[in-house]
Amino acid sequence: MDGIFTTRFVDPYLRFHRYIYEKSDGRVGKHSNRVPALLITTTGRRSGEPRTNGLTYCRDRGDYIVVASNGGSDRPPAWLLNLQADPEVTLRVGRRLVAATARVADPEERSQLWPLVNRTNRGMARLFHPGVSGRYDVYQRHTTRVIPVVILTPHRIERPT
């Protein structure tokens with residue numbers, strides 16, 4: 001399955017959002033449809049080149065939490081495969097650049113974080129899909145893979161003593 005949202009409409013929007021976010025130095029684009037958004041830069045697992053994607057996120061105890069939904073596709077997003085090969089990533093959150101380490105949440109963490117990410121990214125999913133909490137529940141209904149939740153832990157800046 002190719003996901004519930006056709007790439008014909010979503011991909012151009014995502015590319016435009018990323019372009020505006022980057023070109024405005026984070027002044028514009030830190031929200032996508034009223035949901036907090038960041039840019040994540042991974043290292044291409046085959047090319048070794050930087051790859052940047054816009055993602056919605058929520059916060060949990062200092063970490064940034066994103067979801068590798070790929071719109072409900074049976075295929076994981078390329079950025080997930082990239083960070084599994086090299087977990088060191090760079091985030092643009094508004095005007096700030098943040099170095100972080102990424103990891104896929106284990107099943108227990110995922111079960112705790114799933115309601116949080118759904119609350120953050122509800123959209124109008126509850127109006128059109130009875131019994132869901134948010135968009136990610138809808139995406140999960142349309143794929144056989146378990147959609148991963150990814151934890152991005154910022155590197156702590158050590159202050160000189």
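Not measured: the values here are computed from a predicted model.
- One finds a salt bridge joining Asp25 and Arg95 here, because a Lys/Arg side-chain nitrogen approaches an Asp/Glu carboxylate oxygen to under 4.0 Å.
- Residues Val146 and Arg110 form a side-chain contact, since some pair of their non-hydrogen atoms from C-beta on lies under 4.5 Å apart.
- Contact of the Tyr57 side chain with the Ile40 side chain is not registered, since no non-hydrogen atoms from C-beta on lie closer than 4.5 Å.
- The minimum heavy-atom distance between Ile147 and Trp114, with the atom names listed, is O-CZ3, 3.9 Å.
- Interatomic distance, Lys23 NZ to Arg18 CZ, rounded to the nearest 0.5 Å: 10.0 Å.
- The shortest distance between side-chain heavy atoms of Gln140 and Asp137 does not fall below 4.5 Å.
- At a threshold of 4.5 Å between non-hydrogen side-chain atoms, the residues Ile65 and Ile151 count as touching.
- Taking every heavy atom of both residues into account, Thr56 and Val66 meet most closely at O-CG1, 3.5 Å.
- In terms of heavy atoms, Asp63 sits closest to Pro154 at OD1-CD, 3.9 Å.
- Hydrophobic clustering of Ile, Leu, Val, Met, Phe, Trp and Tyr side chains at less than 4.5 Å, counting indirect connections, keeps Val67 apart from Val150.
- Here the closest non-hydrogen pair linking Gly94 and Arg92 is O-CG, 3.2 Å.
- With side-chain heavy atoms closer than 4.5 Å counting as contact, directly or through intermediates, the hydrophobic cluster containing Leu39 also holds Tyr21.
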side-chain hydrogen bond (donor to acceptor under 3.5 Å, both in side chains) assessment of Thr101 paired with Glu88: CA-CA 5 Å; Thr101 302; Glu88 296 307 312; 3.0 Å; yes

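- Considering every non-hydrogen atom in both Pro148 and Val104, the closest pair reads CB-CG1, 3.9 Å.
- For Thr42 (side chain) and Val89 (main-chain N/O), no donor-acceptor pair under 3.5 Å exists by modelled atom type.
- Counting heavy atoms from C-beta outward, Asn70 and Arg145 have side chains that approach closer than 4.5 Å.
- Of the possible polar contacts, one joining the Asp74 side chain to the Thr144 backbone as a donor-acceptor pair under 3.5 Å is found.
- Of the options Thr52, Asn82, Thr90, a side-chain hydrogen bond (donor to acceptor under 3.5 Å, both in side chains) to Thr41 is made by Thr52 and by none of the others.
- Between the CG atom of Leu55 and the NE2 atom of His17 there is a distance of 10.0 Å, given to the nearest 0.5 Å.
- The shortest heavy-atom contact between Tyr136 and Asn121 is OH-ND2, 3.0 Å.
- Scanning for side chain to side chain donor-acceptor pair (under 3.5 Å) contacts around Arg103 gives Glu109, with sequence neighbours left out.
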